[in-house]
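Just below is one structure, and these are the notes that go with it.
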Amino acid sequence: TGSLSASVASTEQDELSQRLARLRDQV
Amino acid sequence: MATALPGLPSLPPQFKPIQHHLRTAQEHDKRDPVVAYYCRLYSIQTGMKIDSKSPECRKFLSKLMDQLETLKKQLAGNESVAQEVVGNAHVENYALKLFLYADSEDRSGRFHKNMIKSFYTSSLLLDVLSVFGELTEENLQHRKYARWKATYIHNCLKNGETPQ
């Protein structure tokens with residue numbers, strides 16, 4: 001369960017990073 | 001104590017370092033939306049570095065990102081948002097204008113809340129410039145001086161002393 005929640009957190013973190021990059025036209 | 005920021009969940013305690021930048025963003029939503037936009041951009045970038053893993057921080061950052069995306073759409077066509085190099089100049093000019101106003105009041109011996117706030121806000125906006133890259137030595141010095149002056153004059157007025 002611990003590794004599953006860590007994986008979910010990591011995915012959401014990536015999503016935020018991607019949204020930030022899109023916002024700044026860095027993708 | 002949680003700080004109420006309209007449209008956002010309660011500020012997680014970890015995000016106290018960006019509290020004043022977010023407040024400055026709100027204060028500039030109507031006055032200067034470009035400044036408001038970059039204050040939020042700085043806040044989200046800094047917030048992600050502080051904590052983007054805990055559920056309360058992720059929730060907060062996600063809502064803040066929603067605000068930023070909406071703001072960018074509203075400001076479509078504004079070259080200070082479309083081109084960050086133009087945005088950099090805009091925020092830097094704004095910060096220095098505040099700094100020069102406060103400095104002029106200081107040198108004229110006019111000490112009041114508005115000049116303290118101008119010194120402090122200019123220091124916050126100089127923080128915001130870090131989204132564009134490393135601060136110049138001049139901006140680092142201005143930031144340090146503005147923050148020190150704001151604290152010093154605030155304390156003098158609070159204690160009924162005349163700043164030197």
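First the proteins, then the strands, lettered A, B, ... as listed; each starts at 1.
When all heavy atoms of B:D66 and A:R19 are compared, the pair lying nearest together is OD1-NH2, 2.6 Å. B:M48 and A:L20 get closest at one heavy-atom pair: SD-CD2, 3.9 Å. For the residue pair A:R24 and B:V131, the shortest heavy atom distance occurs at NH2-O, 2.8 Å.
B:L124 and B:L5 fall into different hydrophobic clusters, where Ile, Leu, Val, Met, Phe, Trp and Tyr are joined by side-chain heavy atoms under 4.5 Å apart, directly or via other members. Residues B:L100 and B:F119 fall within the same hydrophobic cluster, defined by Ile, Leu, Val, Met, Phe, Trp and Tyr side chains chained together at heavy-atom separations under 4.5 Å. The hydrophobic cluster containing B:L11 also contains B:L8, counting ILVMFWY residues as joined when their side-chain heavy atoms lie under 4.5 angstrom apart, directly or transitively. With hydrophobic clusters built from ILVMFWY side chains whose heavy atoms lie under 4.5 angstrom apart, B:L129 shares a cluster with B:L140. Linking Ile, Leu, Val, Met, Phe, Trp and Tyr residues whenever their side-chain heavy atoms come within less than 4.5 Å leaves B:Y38 and B:F99 in two separate clusters.
Taking OG of A:S17 as the reference point, atom CD of B:Q45 lies at 10.0 Å (rounded to 0.5 Å). Rounded to the nearest 0.5 Å, atoms CD (B:Q83) and CG (A:D25) are 10.5 Å apart.
Only the side chain of B:I44 comes within less than 4.5 Å of a heavy atom in chain A; its backbone stays farther off. Only the side chain of B:L41 has a heavy atom closer than 4.5 Å to any heavy atom of chain A.
Counting non-hydrogen atoms of neighbouring residues, nucleotides and ligands closer than 6.0 angstrom, the CD atom of B:E161 exceeds 12 such neighbours.
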